[in-house]
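What follows is a single structure, written as C-alpha cells, with notes after it.
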Amino acid sequence: MKLRSALFACICLLGGSASAEPPLRVDLELVLAVDVSYSMELDEQQVQRQGYVAAFREPELIRAIENGPLGRIAVTYVEWGGAAVQVMPWTLIDGRATAAQFAEALRRQPIRRIAFTSISNTLAFTRRLFDVSSFQGSRRVIDISGDGPNNSGVPAPVARNSTVARGIVIDGLPIMLKSQPDTASIPDLDAYYRECVIGGDGAFLVKVSNTGEFAKAILRKLIIEISGQEVSRLSPAMVRQAQYGKDYNCFIGEEMQERMIGR
C-alpha cells in the first residue's frame with residue numbers, strides 16, 4: 001500500500017496524471033494551411049480569407065459535418081509563406097453554432113504576409129499540430145493552398161513523403177490567377193501540386209483560376225474532405241487525384257530561386 005502511494009506521488013511530481021482525459025474522437029482532424037506569401041496580392045488574400053469564412057456558414061457544409069458517423073470534426077487554420085503561423089487553434093465544430101463561431105473568429109483575424117514559399121516547412125509545422133491536438137480523428141488531412149512552387153526548405157516531395165508516412169492525407173488548392181507567370185510562379189502549378197505536393201489515400205486537388213472561383217472551390221473542397229467522398233467518382237474537371245510521375249521536375253521552385261540569387 002505504501003509502495004502504491006509512493007508511485008502515485010512520483011507520477012504527480014513528474015507532471016503525470018492518474019486519470020488523464022482521453023482525446024475526444026472526431027470524424028476528421030483538418031488543418032487548413034493557407035498561402036499568405038508576398039506573391040499573393042492583398043486583395044487575393046482577402047478574397048481567399050472570405051472564402052473560408054463563408055464556407056463555415058454554409059448549410060451544405062454543416063450538413064456534411066452532422067452527417068458524419070460522430071457528427072463532429074476538429075479544425076485549425078494556419079497561414080504560411082517561408083514559415084507558418086497557427087492563426088486559429090484546434091476547434092471543435094459539431095453544428096451550425098460552433099461553425100459560425102469559428103467563421104466569425106477567423107473573420108476578425110488580421111491579414112498577414114510572410115516572405116518566401118516553403119511548402120515543406122509548412123507540412124513539417126502542420127503535421128506536428130496533430131501531436132498537440134486534444135482530438136483523435138478517424139481521418140487526418142492537411143489542406144494546403146498556394147500560388148507557387150516550394151523555394152525554401154527541403155524539397156516538397158521529401159516533406160510530403162514524411163507526412164504521408166504518418167497516415168496524414170495532403171490535399172491541394174493550387175492558386176493560378178496570374179495570366180503571365182512571374183519569378184515566383186509557374187504555368188502548370190496544378191501539375192506541380194499533383195506530382196510533388198499532395199499525397200495519401202484519396203488525396204486530390206482543386207485549382208483556382210480566378211478570384212471569382214475562390215468561394216466555390218473552397219466550399220466544394222471542404223465538403224469532399226469532411227464527407228470523405230471517393231474522389232474517383234467525382235468529375236475529373238472538378239478535382240484531380242494524386243499522381244506521381246517520374247518525369248516531372250519537382251525542384252523547379254528551388255531552381256528558380258537559385259537563378260534569382262545568381263543574377
Under the side chain to side chain contact (heavy atoms under 4.5 Å, CB included) criterion, do Thr76 and Thr91 qualify, and how do the steps go? CA-CA 6 Å; Thr76 183; Thr91 304; over 6 Å; no
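- Side-chain contact between Val169 and Val164: absent, with no pair of heavy atoms (C-beta onward) separated by less than 4.5 Å.
- Taking a cutoff of 4.0 Å between a charged side-chain nitrogen and a carboxylate oxygen, Glu79 and Arg112 qualify as a salt bridge.
- A donor-acceptor contact under 3.5 angstrom links the side chains of Asn210 and Glu213, judged on distance only.
- Although no hydrogens or angles enter the test, the distance criterion places no donor-acceptor pair under 3.5 Å between the side chain of Arg113 and the main chain of Gln45.
- Using modelled atom types, no side-chain atom of Thr98 and backbone atom of Ile93 make a donor-acceptor pair closer than 3.5 Å.
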Carefully, step by step, assess Gln86 and Phe125 under the rule side chain to side chain contact (heavy atoms under 4.5 Å, CB included). CA-CA 9 Å; Gln86 187 179 19; Phe125 177 86; 4.2 Å; yes
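- Here the CD1 atom belonging to Ile175 is positioned 11.0 Å from the OG atom belonging to Ser209, to the nearest 0.5 angstrom.
- A salt bridge does not link Arg139 to Asp27: none of the charged side-chain nitrogens sits closer than 4.0 Å to a carboxylate oxygen.
- A distance below 6.0 Å separates the ring centres of Phe130 and Trp90.
- Transitive grouping of hydrophobic side chains (ILVMFWY, heavy atoms separated by less than 4.5 Å) keeps Val36 and Val47 in distinct clusters.
- Heavy-atom neighbours of Asp201 CG from other residues, nucleotides or ligands within 6.0 Å: at or below the threshold of 12.
- Ile111 and Leu173 end up in different hydrophobic clusters when Ile, Leu, Val, Met, Phe, Trp and Tyr side chains are linked at under 4.5 Å.
- To the nearest 0.5 Å, atom CD of residue Glu41 and atom OG1 of residue Thr211 are 11.5 Å apart.
- Under the 3.5 Å distance criterion, with hydrogens and angles disregarded, a donor-acceptor pair is assigned to the side chains of Tyr248 and Asp188.
- Hydrophobic clustering keeps Ile114 apart from Leu106 (ILVMFWY residues linked when any side-chain heavy atoms are closer than 4.5 Å, directly or through intermediates).
- For the pair Cys196 and Pro157, the minimum side-chain heavy-atom distance is below 4.5 Å.
- With rounding to the nearest 0.5 Å, the separation of CD1 in Ile142 from CD1 in Ile119 is 12.0 Å.
- Residues Val208 and Leu177 meet the side-chain proximity criterion, which asks for heavy atoms closer than 4.5 Å.
- A heavy-atom distance below 4.5 Å is found between the side chains of Leu129 and Val78.
- Counting only heavy atoms from C-beta outward, the side chains of Thr117 and Trp80 approach each other to under 4.5 Å.
- The shortest non-hydrogen separation linking Ser39 to Glu44 is O-OE1, 4.3 Å.
- The environment of CZ in Phe116 is sparse: at most 12 heavy-atom neighbours from other residues, nucleotides or ligands sit within 6.0 Å.
- Counting heavy atoms from C-beta on, the side chains of Phe214 and Arg49 never come closer than 4.5 Å.
- Both Ile223 and Leu30 sit in one connected hydrophobic cluster of ILVMFWY residues. Membership requires side-chain heavy atoms under 4.5 Å apart, directly or through other members.
- Checking side-chain atoms of Arg160 against main-chain N and O of Glu195 turns up a donor-acceptor pair under 3.5 Å.
- The existence of a salt bridge linking Glu60 and Arg63 is excluded, since no basic side-chain nitrogen approaches an acidic carboxylate oxygen closer than 4.0 Å.
- The closest side-chain heavy-atom distance from Asp171 to Leu205 is not below 4.5 Å.
- Residue Gly81 comes nearest to Ser37 through the heavy atom pair CA-CB, 4.3 Å, listed as atom of the first residue, atom of the second, then distance.
- Counting only distance, with no hydrogens or angles, the side chain of Asn150 and the backbone of Val154 share a donor-acceptor pair below 3.5 Å.
- Salt bridge status for Glu66 with Arg72: absent, with no side-chain N to carboxylate O gap under 4.0 Å.
- Taking CD of Gln109 as the reference point, atom CD of Glu104 lies at 11.0 Å (rounded to 0.5 Å).
- Under a cut-off of 6.0 angstrom, the local environment of CZ in Arg57 is crowded, with over 12 non-hydrogen atoms contributed by other residues, nucleotides or ligands.
- Criterion: ILVMFWY side-chain heavy atoms under 4.5 Å apart, direct or through other members. Under it, Val34 and Met88 are part of a common hydrophobic cluster.
- The structure places CG of Asp94 at 4.5 Å from CG of Leu92, a figure rounded to the nearest 0.5 Å.
- Taking every heavy atom of both residues into account, Gly253 and Pro149 meet most closely at CA-CG, 3.6 Å.
- Rounding to the nearest 0.5 Å places OG of Ser152 at 9.0 Å from CD of Glu254.
- None of Ile198, Leu189, Val197 except one satisfies the side chain to side chain contact (heavy atoms under 4.5 Å, CB included) rule with Pro174; the exception is Leu189.
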Could you walk me through whether Val75 and Phe56 pass the side chain to side chain contact (heavy atoms under 4.5 Å, CB included) test, one step at a time? CA-CA 11 Å; Val75 179; Phe56 282 92; 4.2 Å; yes
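- A side-chain donor-acceptor contact under 3.5 Å links Asp35 to the backbone of Asp147.
- Shown here for Pro187 and Met176, the closest heavy-atom pair between the two residues is O-CE, 3.2 Å.
- For the pair Tyr193 and Gly148, the tightest heavy-atom approach, listed with the atom from each and the gap, is CE1-O, 4.3 Å.
- Of all the heavy atoms in Arg127 and Ala159, the pair that sits closest is NH1-O, 3.5 Å.
- In terms of modelled atom types and a separation under 3.5 Å, the side chain of Glu29 and the main chain of Gly137 share a donor-acceptor contact.
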For a side chain to side chain contact (heavy atoms under 4.5 Å, CB included) check, start with the C-alpha distance between Leu61 and Leu219, then their side-chain angles and the critical distance, and finish with the verdict. CA-CA 7 Å; Leu61 185 139; Leu219 176 62; 4.0 Å; yes
